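Just below is one structure, and these are the notes that go with it.
Quantities reported herein were computed from a predicted structural model and do not represent experimental measurements.
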Number of protein chains: 2
Amino acid sequence: MTAELQVLAALADPTRWSLLDELAGRPEATATVLAAGRTVTRQAVVKHLAVLERAGLVAARRQGRETRYTVRSERLDETARWMAAAARRWDTRLATIKQLAEGDDQ
Amino acid sequence: MTAELQVLAALADPTRWSLLDELAGRPEATATVLAAGRTVTRQAVVKHLAVLERAGLVAARRQGRETRYTVRSERLDETARWMAAAARRWDTRLATIKQLAEGDDQ
DNA sequence: CAGATATGCAACCCTGGGGTTGCGCATTCT
DNA sequence: AGAATGCGCAACCCCAGGGTTGCATATCTG
């Protein structure tokens, strides 16, 4: 579960979403390029990308003197499904409880 | 989108998941009860529940001198769907780019 | 080779958030 | 009424994490 929490923590930041969005628009991009249009420093972007990589939401590949990053949609989808499953689990458990309560009323 | 980020931030904490899990097992519960089995203080639990409520993952209802909390599965499901949609969006965008790239090759 | 470019690493600053304690207030019970 | 119970509020402590700057290192390019 900690892996999923890592993903959630990584996604709980607007700058990171912005980076992911921009990354989804290009086949791949370096931290320097991604930092170009932003107000934050390249170093800040690098840190964010590191967080995203640890979470598995992005893949880094060094080629020559530059490191290119790519979006990994699988992790996001996985986590989404995991959350949906949790929601369903809550529902069924609550339904069971409600049913038991109604039984007690009679 | 900030609403979804609020949900993600709320979910990026193990204690909060534990509370949600426990809440899903009972029809409703007070902060004091939830704090009973734990190592953390009631106040800590109260703070967590406040975060969860702001995110819409839990509903608070005061009755007499006690406040009872209930799980709200809808928000979780909504957010899960929102994430899944983002994942699909990334995929289609990347597919388009790849296709364009192949076209350029020829 | 020398200059330019792209990173990586490390030290530092500062705010937010998880956690605690102490205390006052409202509600319930006897 | 008086004691007990359940909360809410506020002040504080502490550290992870977002952000910055400065500098060393690696890789192209002319």
Side-chain angles (χ1 to χ4, degrees), chain A residues 1-23 26-71 79, chain B residues 1-23 26-71 79:
Chain A
M1 185 187 93
T2 29
E4 282 88 350
L5 286 197
Q6 205 174 359
V7 174
L8 293 179
L11 293 176
D13 180 292
T15 307
R16 240 119 60 186
W17 271 99
S18 169
L19 286 173
L20 290 170
D21 245 39
E22 195 169 342
L23 268 179
R26 342 192 163 193
E28 58 184 4
T30 90
T32 310
V33 169
L34 289 171
R38 305 173 184 283
T39 60
V40 301
T41 313
R42 171 184 64 92
Q43 290 302 334
V45 173
V46 170
K47 281 194 180 180
H48 281 304
L49 288 172
V51 172
L52 291 172
E53 189 186 9
R54 268 180 246 126
L57 290 165
V58 126
R61 182 174 62 103
R62 179 145 201 181
Q63 175 151 356
R65 72 176 154 181
E66 58 186 13
T67 341
R68 299 177 180 168
Y69 294 87
T70 320
V71 166
T79 311
Chain B
M1 184 188 94
T2 29
E4 282 87 351
L5 286 197
Q6 205 173 1
V7 175
L8 293 179
L11 293 176
D13 180 292
T15 307
R16 242 121 56 187
W17 271 100
S18 169
L19 286 173
L20 290 170
D21 245 37
E22 196 169 341
L23 268 179
R26 340 190 166 195
E28 58 184 5
T30 89
T32 310
V33 169
L34 289 171
R38 304 174 184 284
T39 59
V40 301
T41 313
R42 171 184 63 93
Q43 290 302 334
V45 173
V46 170
K47 281 194 181 180
H48 281 303
L49 289 172
V51 172
L52 291 172
E53 189 186 10
R54 269 180 246 127
L57 290 165
V58 126
R61 182 174 62 102
R62 178 145 201 181
Q63 175 151 356
R65 73 176 154 181
E66 56 186 15
T67 340
R68 299 177 181 169
Y69 294 86
T70 320
V71 165
T79 311

Within [range], find the residues that approach DNA chain C with a heavy atom at under 4.0 Å, and present them sorted by residue number.
range                     : value
residues 58-66 of chain A : A:Arg62, A:Arg65, A:Glu66
residues 37-51 of chain A : A:Arg42, A:Gln43
residues 6-22 of chain A  : none

For the pair made of CG in B:Leu34 and C1' in D:dG6, what is the distance, rounded to whole Å?
14 Å
OP1 or OP2 of D:dG8 less than 4.0 angstrom from a side-chain nitrogen or oxygen of B:Thr67, does that happen here?
yes
For [range], which residue pairs qualify under salt bridge (Lys or Arg N to Asp or Glu O under 4.0 Å), counting only residues two or more places apart or in two chains?
range                     : result
residues 30-45 of chain B : B:Glu22-B:Arg38
residues 1-18 of chain B  : none
residues 57-68 of chain A : A:Glu28-A:Arg61, A:Glu28-A:Arg68, A:Glu66-A:Arg68

Just so I know, are the side chains of [X] and [Y] near enough to count as touching, which here means a heavy-atom distance under 4.5 Å?
X       : Y       : answer
B:Arg26 : B:Val33 : yes
A:Leu11 : A:Thr79 : no
B:Val45 : B:Tyr69 : no

When every non-hydrogen atom of A:Val46 is compared with those of A:Ala31, the smallest separation belongs to CG2-CB, 3.7 Å
Shortest non-hydrogen separation from A:Leu57 to A:Ala10 and the atoms involved:
CD1-CB, 4.1 Å
Tell me, with the steps shown, if A:Leu34 and A:Leu49 meet side-chain contact (heavy atoms from CB on, under 4.5 Å).
CA-CA 10 Å; A:Leu34 289 171; A:Leu49 288 172; 4.1 Å; yes
With B:Val58 as partner, the option from B:Leu19, B:Val51, B:Leu20 fulfilling side-chain contact (heavy atoms from CB on, under 4.5 Å) is B:Leu20
